[in-house]
Enquirer: 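Sharing a structure here in structure tokens format.
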Amino acid sequence: MATKTRKKLEDLRSQRWYGPSDMRSVSHRARSRQMGYSGEDFTGKPKIGIINTWSDMNTCHSHFKQRAEEIKRGVYEAGGFPIELPAMSLGEIMVKPSTMLYRNFLAMEAEELIRCHPVDGVVLMGGCDKTTPALLMAALTMDLPAIYVPAGPMLRGFFAGETLGSGTDVLRYWADRRAGLIDDETMENVVGGLSRSAGTCMVMGTAATMMSIAETLGMTLPGASSIPAVDSSHALMAAASGRRIVDMVWEDLKPSDILTRASFDNATVIDMALGGSTNAMIHLIAVAGRAGIELTLERFDEISKKTPVILDIKPSGKYLMEDFYYAGGLRGLMTRLTGQLDLTQKTVTGGTLADNLEGAEVYLDEVIRPLDNPLYHEGGTAILRGNIATDGCVIKQTAADPRFHVHRGPAVVFEGYQDLHDRIDDPGLDVTEDSVLVLKYAGPIGAPGMPEWGMLPIPKKLLEKGVRDMVRISDCRMSGTAYGTCILHVAPEAQVGGNLALIQTGDMIDLDIPGRRLNADIPDDEMEARRKAWTPRPFPYERGYTALYARHVTQANKGCDLDFLHAGAETPEPPIF
């Protein structure tokens with residue numbers, strides 16, 4: 001790649017707002033003075049947008065007010081001028097029906113925030129599950145110099161001498177509560193010991209997976225993704241990111257210079273080695289699509305078959321993100337996978353991935369395992385196909401009970417989440433531990449927004465008998481913190497007439513994870529007869545963003561982006577009149 005000429009002041013994008021000697025530029029300078037900024041404050045300096053996804057309802061980002069100030073300090077130190085731009089927060093725990101419904105909303109909002117303001121580069125502040133892919137999608141589309149600041153994981157949890165991981169252990173204890181094994185007071189004590197600081201889930205859920213992927217893609221400073229949110233090193237990283245983005249503007253180092261097909265292969269290798277969230281499939285496909293790169297489910301599976309899980313972390317293993325950080329973090333893990341990574345790929349440092357790994361080590365082999373002693377012999381996620389999912393579906397095989405890796409059982413079908421809610425604990429439900437629970441109409445359009453309903457609850461009468469896993473199939477997603485033999489992202493979804501819509505209670509389901517197959521034992525002529533008798537469900541929303549989403553969202557195997565954002569001519573720069 002040819003070396004770029006360093007930018008001059010007159011080349012800065014913000015100069016279109018501030019530079020000319022005309023009435024509009026005079027107005028811009030005057031209004032900046034209105035906010036207390038003199039000409040010396042902003043004239044001649046790169047303007048750095050800081051997209052901040054803080055809110056009072058985002059538990060993962062509660063430290064972002066302070067981190068924004070540290071980023072600003074770094075920007076000032078490097079001779080830039082920071083401009084903080086709040087964006088939709090997408091707090092995973094509080095936003096309903098699903099943050100996935102609004103991932104594309106945030107991507108669109110962040111893109112437009114960058115486009116319509118006088119900024120030359122941008123710092124992206126995210127971490128909570130959907131904020132990372134949304135911000136990367138926006139940055140790729142706008143293609144201004146950009147650097148990502150990950151929120152970092154929260155501290156590990158504790159209860160009664162046990163180390164707890166958010167999401168994963170709540171689900172485990174909640175199953176015990178439903179089975180009558182613990183009381184409400186114990187459950188509250190578990191909750192009280194779980195969330196001890198700012199930061200994302202400290203297991204390898206979607207947040208930790210996507211932050212790790214952002215670093216692997218080269219969009220963060222080296223080592224940024226593993227730092228606990230409240231560690232002082234996290235504040236130092238934020239300030240350093242502020243300094244670095246100013247230099248990136250002068251260097252004109254943009255996402256399109258960093259993100260290539262090899263970058264996304266690297267990210268997939270790391271996702272598999274981490275035992276990452278199944279949600280990463282959807283998000284990586286969407287982010288790659290914004291770079292004009294088609295990433296397929298087949299490519300994920302190719303890489304999964306030759307990449308072992310070497311991180312022993314919940315929900316697949318037993319350790320937590322703090323342990324990962326102390327063991328050497330993502331840089332340490334990468335040193336064990338250099339044979340599978342393209343280390344020539346560029347990063348926001350201006351150097352290569354190989355440069356970023358200089359000096360990295362693994363300090364605890366029991367956390368970051370050697371390749372000859374993996375947690376699992378393949379990647380964390382497998383891609384299945386068959387007559388239930390003609391366009392594919394996913395399963396986190398490392399979080400599934402091995403006895404279900406090859407399984408045949410009768411379907412118990414739920415026609416939507418309300419039906420599941422109403423009947424799952426009915427003592428009269430005809431179900432055994434060999435049954436296959438099937439949830440329909442929970443996909444991108446059907447739910448809407450593809451909520452994390454995929455870890456279907458075990459029927460109470462089976463919980464009371466000690467059953468803790470069953471085969472479960474749905475067209476929705478599952479939290480990256482969750483576990484179990486849960487088959488997800490069935491495409492096409494039931495709402496658009498995918499074969500999942502045609503499955504009936506009593507149909508025999510065949511699952512073969514090693515063989516990558518998922519089929520219903522239904523003859524083709526019977527399947528076709530059911531299709532002719534099937535009636536599409538009306539979509540319940542007729543206005544607003546949700547109606548727009550339903551009309552334009554793609555299916556899970558295509559990344560669930562909005563079709564008009566995923567393709568089309570580049571949006572021109574706004575005129576300055």
Enquirer: Atom NE2 of residue position H421 - does it have more than 12 heavy atoms of other residues, nucleotides or ligands inside 6.0 Å?
Expert: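 Not more than 12 within 6.0 Å, no.
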Enquirer: Any idea which heavy atoms bring M321 and S225 closest together, and the distance?
Expert: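 It is CE-O, 4.4 Å.
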Enquirer: Is atom OH of Y541 surrounded by more than 12 heavy atoms (other residues, nucleotides or ligands) closer than 6.0 Å?
Expert: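 12 or below, so no.
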Enquirer: Any non-hydrogen side-chain atom of R385 less than 4.5 Å from a side-chain atom of T390?
Expert: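 They are not in side-chain contact.
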Enquirer: My understanding is that only one of I395, L518, V406 makes a side-chain contact (heavy atoms from CB on, under 4.5 Å) with I513; could you say which?
Expert: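 Answer after filtering I395, L518, V406: I395.
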Enquirer: Measure across V309 and M272 and return the closest heavy-atom pair with its distance rounded to 0.1 Å.
Expert: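 Closest heavy-atom pair between V309 and M272: CG2-O, 3.3 Å.
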Enquirer: Could you walk me through whether S474 and L488 pass the side-chain contact (heavy atoms from CB on, under 4.5 Å) check?
Expert: CA-CA 5 Å; S474 69; L488 313 156; 4.1 Å; yes
Enquirer: Under 3.5 Å, sequence neighbours excluded: what are the donor-acceptor pairs made by side chains of residues 152-161?
Expert:
{"residue": "R156", "atom": "NH2", "partner": "D323", "partner atom": "OD1", "Å": "2.6"}

Enquirer: Going by distance alone, is a donor N or O of one side chain under 3.5 Å from an acceptor N or O of the other, for T485 and D469?
Expert: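 A donor-acceptor contact under 3.5 Å links the two side chains.
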Enquirer: Under 4.5 Å between any side-chain heavy atoms of R517 and L384, yes or no?
Expert: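 No - every pair of side-chain heavy atoms lies 4.5 Å or more apart.
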Enquirer: Could you give me the CA-CA distance, side-chain angles and deciding distance for D312 and K318, then say whether salt bridge (charged side-chain N to carboxylate O under 4.0 Å, His left out) is met?
Expert: CA-CA 6 Å; D312 191 340; K318 63 181 179 180; 5.2 Å; no
Enquirer: Going by heavy atoms in the side chains, are N519 and I509 under 4.5 Å from each other?
Expert: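 Counting from C-beta outward, N519 and I509 never come under 4.5 Å.
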Enquirer: Could you give the side-chain donor-acceptor pairs of residues 447-461 under 3.5 Å, partners two or more places apart or in another chain?
Expert:
{"residue": "E452", "atom": "OE2", "partner": "R477", "partner atom": "NH1", "Å": "3.2"}
{"residue": "K461", "atom": "NZ", "partner": "P427", "partner atom": "O", "Å": "3.0"}
{"residue": "K461", "atom": "NZ", "partner": "L429", "partner atom": "O", "Å": "2.5"}

Enquirer: Give the C-alpha distance, both sets of side-chain angles, the deciding distance and a yes or no for side-chain contact (heavy atoms from CB on, under 4.5 Å) between R408 and L511.
Expert: CA-CA 6 Å; R408 178 178 172 87; L511 168 64; over 6 Å; no
Enquirer: Got a second to check how far I310's CD1 is from I270's CD1, nearest 0.5 Å?
Expert: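 Going from the CD1 atom of I310 to the CD1 atom of I270 covers 7.5 Å.
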Enquirer: For the backbone of T278 and the side chain of T381, can you confirm whether one donor and one acceptor N or O come within less than 3.5 Å of each other?
Expert: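 The answer is no, because no donor-acceptor pair under 3.5 Å joins these two groups.
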Enquirer: Determine which pairs satisfy side chain to side chain donor-acceptor pair (under 3.5 Å) with at least one residue from residues 160-169, sequence neighbours left out, and list them in order.
Expert: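 Applying side chain to side chain donor-acceptor pair (under 3.5 Å) to every pair that reaches into residues 160-169, excluding sequence neighbours, yields E162-R172, E162-Y173, D169-R172, D169-K314.
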Enquirer: Tell me yes or no: between the side chains of T307 and E378, is some donor less than 3.5 Å from an acceptor?
Expert: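 No, no side-chain donor-acceptor contact under 3.5 Å.
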Enquirer: Determine whether I213 and L284 make a side-chain contact, defined as any pair of heavy atoms from C-beta on separated by less than 4.5 Å.
Expert: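 Yes, side chains in contact.
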Enquirer: Take E185 and N189, measure what side chain to side chain donor-acceptor pair (under 3.5 Å) needs, and give me the verdict at the end.
Expert: CA-CA 6 Å; E185 182 180 0; N189 287 334; 4.5 Å; no
Enquirer: Please test R178 against D425 for side-chain contact (heavy atoms from CB on, under 4.5 Å), starting from the C-alpha separation and ending with a verdict.
Expert: CA-CA 10 Å; R178 290 180 61 226; D425 287 341; 2.5 Å; yes
Enquirer: What's the verdict on side-chain contact (heavy atoms from CB on, under 4.5 Å) for I383 and V394, showing C-alpha distance, side-chain angles and the deciding distance?
Expert: CA-CA 5 Å; I383 306 300; V394 307; 3.5 Å; yes
Enquirer: Tell me every residue that passes salt bridge (Lys or Arg N to Asp or Glu O under 4.0 Å) with E215, counting only those two or more places apart in sequence or in another chain.
Expert: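 So E215 forms no salt bridge (Lys or Arg N to Asp or Glu O under 4.0 Å) with any residue.
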Enquirer: Is any side-chain heavy atom of V95 closer than 4.5 Å to a side-chain heavy atom of K130?
Expert: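 No, side chains not in contact.
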Enquirer: State, yes or no, whether a side-chain contact exists between T200 and M211 at a heavy-atom distance under 4.5 Å.
Expert: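 Yes, close enough: below the 4.5 Å cut-off.
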Enquirer: Within the structure provided, determine whether K558 and D561 are in side-chain contact (heavy-atom separation under 4.5 Å).
Expert: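 No. Closest side-chain heavy atoms not under 4.5 Å.
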Enquirer: Show me the donor-acceptor pairs, under 3.5 Å and distance only, between side chains in residues 431-440 and residues at least two apart or in other chains.
Expert:
{"residue": "T432", "atom": "OG1", "partner": "D434", "partner atom": "N", "Å": "3.2"}
{"residue": "E433", "atom": "OE1", "partner": "R403", "partner atom": "NH2", "Å": "3.2"}
{"residue": "S435", "atom": "OG", "partner": "T432", "partner atom": "N", "Å": "3.0"}
{"residue": "S435", "atom": "OG", "partner": "T432", "partner atom": "O", "Å": "3.3"}
{"residue": "K440", "atom": "NZ", "partner": "E415", "partner atom": "OE2", "Å": "2.9"}
{"residue": "K440", "atom": "NZ", "partner": "A501", "partner atom": "O", "Å": "2.9"}
{"residue": "K440", "atom": "NZ", "partner": "I503", "partner atom": "O", "Å": "2.7"}

Enquirer: Mind checking ring-ring contact (aromatic ring centres under 6.0 Å, His included) for Y325 and listing every partner two or more places apart, or none if nothing turns up?
Expert: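 ring-ring contact (aromatic ring centres under 6.0 Å, His included) check on Y325 returns nothing, list empty.
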Enquirer: For the residue pair S277 and T206, confirm or rule out a side-chain donor-acceptor distance under 3.5 Å.
Expert: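 A pair is found: one side chain offers a donor N or O, the other an acceptor, under 3.5 Å apart.
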Enquirer: Quick one: does I313's side chain get under 4.5 Å of L274's, heavy atoms only?
Expert: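 Side chain of I313 against side chain of L274, heavy atoms only: no contact under 4.5 Å found.
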Enquirer: Ignoring hydrogens and geometry, is there a side-chain-to-backbone donor-acceptor pair from Q555 to V496 under 3.5 Å?
Expert: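 No; judged by distance alone, with no hydrogens or angles, the pair does not exist.
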Enquirer: Report yes or no: do R103 and H283 form a side-chain donor-acceptor pair below 3.5 Å?
Expert: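 Distance-only check passes for R103 and H283.
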Enquirer: Would you tell me whether R67 and H234 have side-chain atoms, one donor and one acceptor, within less than 3.5 Å of each other?
Expert: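 Result is yes, a qualifying pair exists.
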Enquirer: With salt bridge (charged side-chain N to carboxylate O under 4.0 Å, His left out) as the criterion, how do D512 and R516 come out once you've worked through the C-alpha distance, each side chain's angles and the decisive distance to 0.1 Å?
Expert: CA-CA 6 Å; D512 180 357; R516 300 302 201 257; over 6 Å; no
